[in-house]
Amino acid sequence: MALIVQKFGGSSVADAASIKRVAKRVVETKKAGHDVVVVVSAMGDTTDELIDLAQEVTPLPPVREMDILLTAGERISMSLLAMAITTLGVEAKSFTGQQAGVITDEVYGKARIIDVSPSRIKDTIARGEVAIVAGFQGVNPSTNDVTTLGRGGSDTTAVALAASLKADVCEIFTDVDGVFTADPRIVPTARKIGRIGYDAMLEMAASGAKVLGLRCVEYARRYEVPVHVRSSFSTHTGTLVTDQEDPSMEQPIISGVAHDRSEAKITVVGVPDVPGKAARLFEIVAEAGVNIDMIVQNVSAAATGLTDISFTLPATDGATATAALTADQPAIGFESLQYDDTIGKLSLVGAGMRSHPGVSAKLFAALSEANVNIEMISTSEIRISVVTRADQLDDAVRAVHTAFELDDTETEAVVYGGTGR
Ligand code: ADP
Ligand code: ASP
Ligand code: MG
């Protein structure tokens with residue numbers, strides 16, 4: 001008998017029929033003799049729809065109210081799932097993040113979990129019942145306000161609960177059969193990865209492979225929670241995310257190709273090329289609470305002593321960063337700002353690349369053959385990322401996937417549900 005945390009994403013609980021299907025699956029696990037704790041996301045695209053609704057009311061909604069609004073999504077799915085499970089003859093109770101003891105810091109919209117004290121969940125398990133927890137939310141003890149963990153945050157809730165409850169495994173149920181060498185929505189020949197280490201998965205998640213959230217993988221690595229990513233629409237074995245070596249497998253050079261369409265690029269034109277200007281510029285962006293990703297500084301023009309600095313950031317932070325920089329324009333003395341949200345980012349990830357020369361050369365050759373222009377480049381030990389035009393990104397991903405011989409020539413990857421939103 002094991003303790004299993006099962007998380008079901010939005011596409012797995014998109015409507016009443018899906019909720020009943022998930023309930024059956026939970027009951028099967030319970031009847032097999034296991035203890036089950038379930039974490040749910042909001043139904044379908046509910047979170048996006050709530051964000052759209054708020055935007056219709058005001059372009060800059062207060063962050064506290066935004067979190068209260070968004071946590072409503074998971075409350076709907078958790079209670080409906082509890083009803084569906086109870087109907088099948090197994091006792092089930094749903095809990096909000098706060099009731100489940102998910103304690104966070106005070107940063108609305110992207111709160112971090114600082115503690116999990118799931119006494120009510122433990123009591124529920126002890127009574128032989130199924131506990132269902134709303135993903136993506138917690139409570140800040142100093143304000144007593146509910147907070148949300150950032151998009152995709154239900155994955156983090158599941159792993160955090162699994163760590164706290166010392167669960168045997170955390171199963172992430174989604175609308176594809178596991179983690180693939182690329183997003184199956186773009187690359188139908190993508191190959192399912194049987195097993196992947198935390199570091200490579202972390203880079204994939206950080207590079208946009210939203211099948212697992214970044215914070216979730218960080219948490220899983222820190223507490224060594226084995227994560228099994230699989231489909232709620234099939235019974236196939238999925239992908240095991242773990243650091244435990246599989247002796248029958250050699251470490252692959254390349255794990256996969258990730259893509260990200262959620263970033264934008266700001267170019268600060270005509271920055272005086274003297275010490276301290278770049279520092280000030282990025283201080284302003286940081287003070288505005290914006291995380292930046294890639295940075296490129298051009299060679300300065302000798303005649304003017306001015307240079308251009310470009311950086312990428314989440315497009316959702318574009319307005320905030322632009323406003324903060326514009327407010328400080330006289331002090332920094334730059335000429336103008338350019339904002340571009342039609343960029344895409346492609347990342348090639350692989351733990352084996354640190355010991356293999358020629359990976360960058362092969363990547364650039366594949367992009368050039370596909371006629372894709374590279375605008376920015378950044379690298380880490382196990383990742384190479386490039387910025388391209390957004391409308392060339394899909395072609396770029398397919399070309400690179402093929403160049404690195406990742407295509408599965410036998411089976412096509414299945415996308416069972418979801419809208420890809
Ligand atoms: P959920 O609603 O279950 O949380 P998400 O939409 O957050 O599901 O994540 C699943 C989606 O992630 C898949 O439908 C797929 O389009 C996308 N995805 C992106 N990269 C990958 C990848 N490398 N492997 C599998 N899925 C990926
Ligand atoms: N419902 C939230 C979102 O759409 C959290 C999640 O699904 O993980 O981002
Ligand atoms: Mg998700």
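Only a predicted model underlies this, so the values are computations on that prediction, with no experimental measurement involved. Note that ligands are numbered from 1 as they come in the structure, with each ligand's atoms numbered from 1 the same way.
In this structure, of T47, D183, D260, I193, the residue bringing a heavy atom nearest to atom 16 (O) of ligand 1 is D183.
When each atom of ligand 1 is checked for a heavy atom of G178 under 4.0 Å away, the hits are 24 (N), 25 (C). Every atom of ligand 1 with a heavy atom of V179 under 4.0 Å away is listed here by number and element: 24 (N). Proximity to T47 (heavy-atom distance under 4.0 Å) selects the following atoms of ligand 2: 1 (N), 2 (C), 3 (C), 4 (O). Shown in contact with S11 at under 4.0 Å from a heavy atom are these atoms of ligand 1, numbered in order with element: 2 (O).
When only non-hydrogen protein atoms are considered, atom 27 (C) of ligand 1 lies nearest to V211 CB, 3.7 Å. Among protein heavy atoms, atom 7 (O) of ligand 2 sits closest to S41 OG, 3.1 Å. Protein heavy atom at the shortest distance from atom 6 (O) of ligand 1 is K210 NZ, 3.1 Å. Among all protein heavy atoms, the one lying closest to atom 4 (O) of ligand 1 is K7 NZ, 3.2 Å. Protein heavy atom at the shortest distance from atom 8 (O) of ligand 1 is T174 OG1, 3.2 Å. Among all protein heavy atoms, the one lying closest to atom 11 (C) of ligand 1 is D175 OD1, 3.9 Å. Of all protein heavy atoms, the one lying nearest to atom 24 (N) of ligand 1 is F180 N, 2.9 Å.
The distance criterion of under 3.5 Å between nitrogen or oxygen atoms is not met by D155 with respect to ligand 2. Not a single N or O atom of D155, backbone or side chain, sits closer than 3.5 Å to an N or O atom of ligand 1. Between G10 and ligand 1, at least one N/O pair is under 3.5 Å apart. For a threshold of 3.5 Å applied to N or O pairs, the pair formed by R151 and ligand 2 contains at least one separation below that value. Checking only distances, G152 does come within under 3.5 Å of ligand 2, N or O to N or O.
Ring geometry, F8 versus F173: the interplanar angle falls under 30°, so the pair is classed parallel (tilted spans 30 to 60°).
The two residues A264 and Y339 make their nearest non-hydrogen contact at CB-OH, 3.4 Å. The two atoms that bring P357 and S355 nearest to each other are CD-O, 3.9 Å, heavy atoms only. Counting all heavy atoms, side chain and backbone alike, S41 lies closest to K7 at OG-CE, 3.6 Å.
Two residues are said to be in side-chain contact when any heavy atoms from C-beta on lie closer than 4.5 Å; I309 and I295 meet this criterion. Taking the side chain as every heavy atom from C-beta outward, T96 and T71 never approach each other to under 4.5 Å.
Classification of R215 and D155 as a salt-bridged pair fails, no side-chain N sitting under 4.0 Å from a carboxylate O. Using a 4.0 Å cut-off between charged side-chain N and carboxylate O, K122 and D35 make no salt bridge. For D395 and R398, the salt-bridge test passes: some basic side-chain N is under 4.0 Å from an acidic carboxylate O. Taking a cutoff of 4.0 Å between a charged side-chain nitrogen and a carboxylate oxygen, E283 and R280 qualify as a salt bridge.
Residue P184 places a heavy atom less than 4.0 Å from ligand 1. The closest approach between a heavy atom of A182 and any atom of ligand 1 is below 4.0 Å. Residue-ligand proximity: G10 is placed with every non-hydrogen atom at 4.0 Å or more from ligand 2.
Here the rule is salt bridge (charged side-chain N to carboxylate O under 4.0 Å, His left out) with R261, and of D394, D183, D341 only D394 fits it.
R185 forms no cation-pi arrangement with F180, by the criterion of a distance under 6.0 Å to the ring centre and an angle within 45° of the ring axis.
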